[in-house]
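Every number for a ligand or one of its atoms is a count from 1 in the order of the listing. Predicted, not measured: the structure shown is a model, and the values here were computed from it.
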Amino acid sequence: QIYGINPTSPNNPPGPLSPLPHHTTCAPLLDDTDPPLFSPHEPWSFPPHCTPPGSKNQPKLCTFTVTSLRGDGGISLVTTPQVGAHLAHVLQDADIAWLEKQRGYPLAAAPDTPYVIKTAPKETSHDAKESKKKETKGLGVFAKRLIKEGEILMAEPPIMVRLTEQRYWKVRDVYQALSQASVRLPLREKEKLLGLSRSGKGYVVDDVLKTNVFHVTVQGVDHTGLYPLIARINHDCRPNAFVRYSPRTLVVEAVAYKDIQPGEEVSVSYLPLNLLTEQRTQLIKEWGFNCTCSLCTNPQLFKGSDKNRDRIQQILESLDHNENRTQAKVQAAVDEVEELVVKEGLAGQLGDFHGIIADIYLNVGDLKKARKYGKSAVKLLGHYAGVDNMRTDRAVAFLRELDALEARR
Ligand SMILES: C[S@@+](CC[C@H](N)C(=O)[O-])C[C@H]1O[C@@H](n2cnc3c(N)ncnc32)[C@H](O)[C@@H]1O
């Protein structure tokens, strides 16, 4: 059997390799009556739509659309021409298998879709004034089976990416850009966008984006990305999943932070993990809802947690002072912080912490420990932030510096 073709089939008699009959009857792929294979605005599917800035030194705001990203769905970008030019290269990278090689495991979600999207049960608000009210979270994502820690639940490219900074352009022009970005999307992505939850206030595309986007960086510039499947995951201050963004592919993955039991709701934190209750409550209100998670609703839980988080901050600040940078004091600080980090479920931030510790050990001249924590930072950041994340790049650069330093000795 050659390439899965049955040699005894009447269409493919045994003998020298010959094309199947329908291959010989195909019209030539290109002739002078065919439309051009490539759009004149390659890689964009339409001419970019641009809005001039309010003043001379500011960039234009442009809408770029590709109707088939890596052979699949469409994507629209609302950003500056400079970022658009960079993203043109990112989007033209049809085979992102190189990233799989770099990180040593596939850039793909579990093929059996281990979750179901359904209405989340109502929960009691933590707000004293509204404590009798039952809050609805809308739809949510629930585990269909045991999802093991580290498993990738979802891996998705965005359907829309928008520059965060919008103040250089008139609101009307920004909405015009967003409108172009949505109407140019293929029908499937348009339906996904308009089917997402929203507050019902303001211009619909802007409202959908504000309710559902994740922060992403493109060439170090702040943007927000709309990932329609991952956007169905509700918030929890002690989540059981986290999101990992790849700036070189734009793909976001939802990954299990711990084992998730069948029937359990999958949650991610919309905020940095280490915030205190007051900061979290304030920021969540800006999202337009009251957080009903256990860490926000149970005073006993949040008082203890705030104390631990305050203590972590205190220890990190104490390490800024030279008198605390002796081998013994640094080791005691590291041990205490690690214990508190585990207690608070902040393992996702341990990579950044190990990066700081590596730097401190370098400053006190303990290169062996600097290397140990530097390596750990690369490993943890590669897992929680992604192998091509800027924070991971910095941790890798630290190890290179260490190599160079040791080579000079
Ligand atoms: C990104 S969407 C999450 C999916 C959304 N529930 C849906 O139906 O598509 C964010 C919205 O979900 C709701 N939500 C998410 N987490 C919540 C929580 N912990 N408590 C209450 N509402 C929540 C809020 O309405 C928020 O604006």
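- For R232, a nitrogen or oxygen atom sits less than 3.5 Å from a nitrogen or oxygen atom of ligand 1, counting backbone and side chain alike.
- In this structure, the separation between CE on M154 and CD on E253 is 12.5 Å, given to the nearest 0.5 Å.
- Applying the 4.0 Å criterion to heavy atoms of N234 picks out, from ligand 1, the atoms 3 (C), 4 (C), 5 (C), 6 (N), 12 (O), 13 (C), 14 (N), 15 (C), 16 (N).
- The aromatic rings of Y373 and Y361 sit parallel to each other, their planes meeting at less than 30°, with 60° as the upper class boundary.
- Those atoms of ligand 1 with a heavy atom of S197 less than 4.0 angstrom away are 2 (S), 5 (C), 7 (C), 8 (O), 9 (O).
- Disulfide check for C50/C62 passes, with the SG atoms closer than 2.5 Å.
- Considering backbone and side-chain N/O of T211, none are found under 3.5 Å from N/O of ligand 1.
- Listed by number with element, the atoms of ligand 1 under 4.0 Å from a non-hydrogen atom of I233 are 3 (C).
- The distance criterion of under 3.5 Å between nitrogen or oxygen atoms is not met by C293 with respect to ligand 1.
- In this structure, N298 contributes its side chain and S294 its backbone to no donor-acceptor pair below 3.5 Å.
- The distance criterion of under 3.5 Å between nitrogen or oxygen atoms is not met by N212 with respect to ligand 1.
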Could you walk me through whether Y115 and L229 pass the side-chain contact (heavy atoms from CB on, under 4.5 Å) test, one step at a time? CA-CA 11 Å; Y115 58 84; L229 192 54; 3.2 Å; yes
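- Looking at D236 against ligand 1, nothing comes within 4.0 Å, counting heavy atoms.
- At a heavy-atom distance under 4.0 Å, only backbone atoms of N290 (N, CA, C or O) approach ligand 1.
- From D173, atom CG reaches atom NE2 of H49 across 8.0 Å, with rounding to the nearest 0.5 Å.
- Formation of a donor-acceptor pair under 3.5 Å by the R70 side chain with backbone atoms of D72 is not found in this model.
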